[in-house]
J.: 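The structure is given below, and queries will be raised subsequently.
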Number of protein chains: 2
Amino acid sequence: MANLGIKDIAALAKVSPATVSRVFSSPDLVSKKTLDKVKKVVDEVGYRPNRMGASLRTRKSGNIVAIIPDITKPVNAGIIRAIEQGAQSAGYSVLLGDTQGLEEREQHYADLVSHGQADGVLLFGSRIPFKVDESLPLGPQLPPLVNGNEGIESDEIVKVAVDNEAAAKAAVNYLISIGHKRIAAITGPSDVPSSRKRTKGYKSALIEAGIEVEDVLQIEGEYDVKSGVDCAQKLLLLRQRPTAIFCFNDDMAIGAMQFLQQQGFKIPEDISVMGFDDINYAEYVTPSLSTVHQPLQEIGTACINLLLKQLNGEKVEPGSQYLPFSLKIRNSTGVAPK
Amino acid sequence: MANLGIKDIAALAKVSPATVSRVFSSPDLVSKKTLDKVKKVVDEVGYRPNRMGASLRTRKSGNIVAIIPDITKPVNAGIIRAIEQGAQSAGYSVLLGDTQGLEEREQHYADLVSHGQADGVLLFGSRIPFKVDESLPLGPQLPPLVNGNEGIESDEIVKVAVDNEAAAKAAVNYLISIGHKRIAAITGPSDVPSSRKRTKGYKSALIEAGIEVEDVLQIEGEYDVKSGVDCAQKLLLLRQRPTAIFCFNDDMAIGAMQFLQQQGFKIPEDISVMGFDDINYAEYVTPSLSTVHQPLQEIGTACINLLLKQLNGEKVEPGSQYLPFSLKIRNSTGVAPK
DNA sequence: AGATGATATGAAAACGTTTCATTTATGTTA
DNA sequence: TAACATAAATGAAACGTTTTCATATCATCT
């Protein structure tokens with residue numbers, strides 16, 4: 001019962017291997033009669049075309065690799081899910097590359113394409129894990145690739161994201177609109193581009209409102225719950241405390257709220273807290289978290305579509321494609337205490 | 001600059017393809033001198049062995065496929081992450097198969113192995129997506145496979161999970177120990193085996209404590225936040241309300257708490273709520289959620305190790321391998337109101 | 001120096017497809 | 001009916017490896 005190959009089927013159906021191949025890949029090229037004949041044999045013996053054989057010949061693996069810092073983060077999981085769907089319905093499979101932020105692992109996964117194991121890359125980190133000659137234009141040196149979440153600054157690659165700067169600005173504007181003047185930010189690591197963009201938005205909102213930008217009000221976190229706790233603590237130590245804290249993701253906002261409440265502060269009466277991402281649980285913490293909503297599904301879909309285009313040989317213009325964000329105002333924000 | 005193949009390298013280094021192959025796969029078989037010579041050429045021209053070629057020859061894809069109902073659920077994401085790590089360090093890549101519970105998609109991903117695109121399967125659903133002859137023993141008909149989370153009842157396959165029955169029993173015993181007598185359960189769908197096991201544990205704890213098992217106290221949920229809300233509502237409508245609710249996962253517990261608080265109930269003073277899973281956010285909802293902790297990392301690692309063993313040709317005994325759970329008692333549970 | 005065994009290398013045959021260039025069959029038209 | 005156009009089927013080569021078997025090289029020992 002060793003697995004049959006296309007030649008065996010060909011022999012059994014008394015046609016050539018070429019014909020059997022066509023039965024699967026372009027059935028319209030073969031006459032109804034032989035089509036049926038071949039299908040019958042295929043059913044009888046349970047033949048399955050071997051993808052490796054085909055891949056070798058066509059030089060297409062039918063895989064794409066998604067390089068993600070941490071699949072455990074709801075944002076990433078949400079995006080990946082949409083990607084996987086889009087890929088599957090286009091006949092591609094998704095190789096999961098959770099890198100835990102390690103350059104070495106990014107490399108490893110990026111290498112899959114040079115080894116012919118993947119045809120394209122979806123990149124959610126903030127490094128380009130390909131050896132690149134800086135003096136040459138970047139584009140042609142890269143495989144089909146799209147970068148999600150504004151992880152990379154280069155204009156030469158295809159990117160999909162929410163406009164982080166505008167989104168942060170909108171969030172801060174909202175806080176200003178309900179009377180806050182002393183607005184702190186718990187940012188992400190300063191080496192991640194999307195965090196820098198959010199910082200930019202945060203600052204420009206303040207500036208435009210004529211509010212002084214103070215360094216002490218900007219604390220750098222790590223995008224996890226624990227650093228939300230830590231940063232909130234630092235903020236409480238301040239001589240003059242903020243009346244609102246804008247956290248660059250929901251995890252940190254949750255951590256901050258947790259700590260503030262533990263210290264006896266009422267949210268939002270004493271301090272407003274705002275998040276970013278709108279993860280599932282944002283709605284279910286107490287108080288429910290006001291946050292910036294990112295359309296994860298749409299981001300994922302846009303990513304995969306742009307990649308599929310490239311894989312089909314279509315030229316895709318590099319640069320950012322922005323998807324609309326929205327403010328979800330819940331109960332963790334309120335008018336500033338007088 | 002068309003990509004070079006092993007023959008080109010062989011020619012450039014004036015050795016045979018066989019030798020080049022050995023340089024990569026069994027370097028100890030080749031003399032230091034030629035090793036260096038070949039490596040030099042490889043570096044110079046940037047050769048990368050093509051995996052498809054190798055796969056075709058060896059009949060091993062180097063991929064495993066993880067079939068998961070929903071990658072978006074923190075439990076699954078946590079497990080997957082560990083799997084991915086284990087796979088990578090054994091030289092395997094993980095194909096992500098998020099099925100959204102659809103049989104059709106389960107099928108699709110299971111088929112990857114018959115198409116030679118994957119060598120083994122990690123299965124987290126509760127169906128066996130392989131055509132199987134019921135009259136024959138199941139084992140030999142399946143590819144290398146391990147099932148996670150007690151999704152499947154058959155004893156003929158390799159399974160890794162927490163002992164759901166024992167865990168549920170422990171949780172309920174704890175509630176009993178702090179004085180609860182009227183303990184409701186918000187279960188998972190009755191067609192998922194792990195939920196049935198938990199139900200079993202729930203009941204046997206009650207019985208052993210001499211507490212009557214009442215059907216009205218068992219409400220079937222869908223394992224998502226919303227159904228936590230719905231089920232809690234039904235429970236509140238009861239003539240005689242429970243003093244504690246044991247939810248079969250944290251999402252439903254979070255939904256239930258949300259609803260109860262909204263209705264003005266104090267947790268845990270009026271009603272205790274207990275979850276299952278110990279997702280990240282369990283600690284950060286208010287009140288923090290008492291729950292059953294599942295060692296996700298360990299589960300993932302055990303799964304992948306068992307699969308790797310099979311892929312190495314070692315025989316693995318079918319049956320459940322149980323991993324230790326633990327009770328995380330936080331602030332959503334307290335002594336029963338008198 | 002010659003024999004022996006160990007160690008390195010090479011040649012060639014797969015692996016299962018696709019595809020290009022042909023051949024053969026089937027109609028159609030003059 | 002012959003010639004032709006079109007459709008359908010075929011054969012052979014190629015894709016890039018690995019691996020078996022045979023051969024060649026090397027060092028070692030008598």
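Since this is a predicted model, take the numbers as computed values, not measurements.
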J.: Do the charged groups of B:Asp191 and B:Arg127 touch, with an N to O distance under 4.0 Å?
T.: no
J.: Do A:Ile64 and A:Ile304 make a side-chain contact, defined as non-hydrogen atoms from C-beta onward lying under 4.5 Å apart?
T.: yes
J.: Please confirm whether the shortest side-chain N or O distance from B:Thr34 to OP1 or OP2 of C:dT9 is below 4.0 Å.
T.: yes
J.: Rounded to the Å, how far apart are A:Gln117 CD and D:dC15 P?
T.: 21 Å
J.: Describe the nucleic acid contact of B:Ala54 in one word from base, sugar-phosphate, nothing, applying a heavy-atom distance below 4.0 Å.
T.: sugar-phosphate
J.: Expressed in angstrom and rounded to an integer, what is the separation of B:Arg59 atom CZ from D:dG16 atom C1'?
T.: 16 Å
J.: When you measure from the side chain of B:Thr58, which nucleotide among C:dT18, C:dT19, D:dT18 comes out closest?
T.: D:dT18
J.: Under 6.0 Å from the NZ atom of B:Lys309, do we count more than 12 heavy atoms belonging to anything else shown?
T.: no
J.: In this structure, how many angstroms lie between the C1' atom of C:dT18 and the CD1 atom of A:Ile9, rounded?
T.: 17 Å
J.: Round to the nearest Å and state the distance from B:Leu29 atom CG to C:dA6 atom P.
T.: 15 Å
J.: Need to verify one output field. Residue with the more 5' nearest nucleotide on DNA chain C, A:Leu56 or B:Thr19?
T.: B:Thr19
J.: Over how many whole Å does the gap from A:Lys7 atom NZ to C:dA13 atom P extend?
T.: 13 Å
J.: Atom NZ of A:Lys60 and atom C1' of D:dA14: how far apart are they, to the nearest Å?
T.: 17 Å
J.: What's the CD1-C1' distance between B:Ile6 and D:dT18, to the nearest Å?
T.: 8 Å
J.: Measure from the side-chain heavy atoms of B:Val30 and tell me the nearest of C:dT9, C:dG10, C:dT19.
T.: C:dT9
J.: Reckon B:Ser25 touches a base, only the sugar-phosphate, or nothing at all at heavy-atom distances under 4.0 Å?
T.: nothing
J.: Quick one: label B:Phe24 by what it contacts on the DNA or RNA (base, sugar-phosphate, nothing), any heavy atom closer than 4.0 Å.
T.: nothing
J.: Rounded to the nearest angstrom, tell me the gap between atom NZ in A:Lys33 and atom C1' in D:dA9.
T.: 11 Å
J.: Contact class for A:Ser31 (heavy atom, under 4.0 Å): base, sugar-phosphate, or nothing?
T.: sugar-phosphate
J.: May I ask you to evaluate whether B:Ser21 reaches the phosphate of D:dT18, defined as a side-chain N or O under 4.0 Å from OP1 or OP2?
T.: yes
J.: Need to verify one output field. Residue with the more 5' nearest nucleotide on DNA chain D, B:Arg51 or A:Val15?
T.: A:Val15
J.: Out of A:Ile128, A:Ile157, A:Val121, A:Leu122, which one pairs with A:Asn147 under the side chain to side chain contact (heavy atoms under 4.5 Å, CB included) rule?
T.: A:Ile157
J.: Can you find a donor-acceptor N/O pair under 3.5 angstrom joining the side chain of A:Arg57 to the base of C:dT18?
T.: yes
J.: Checking side chain to side chain contact (heavy atoms under 4.5 Å, CB included) between A:Val15 and each of A:Val38, A:Leu35, A:Val30, A:Val41, which is the one that passes?
T.: A:Val38
J.: Given the structure, check if the side chain of B:Arg48 and the base of D:dG16 hold any donor-acceptor pair shorter than 3.5 Å.
T.: no
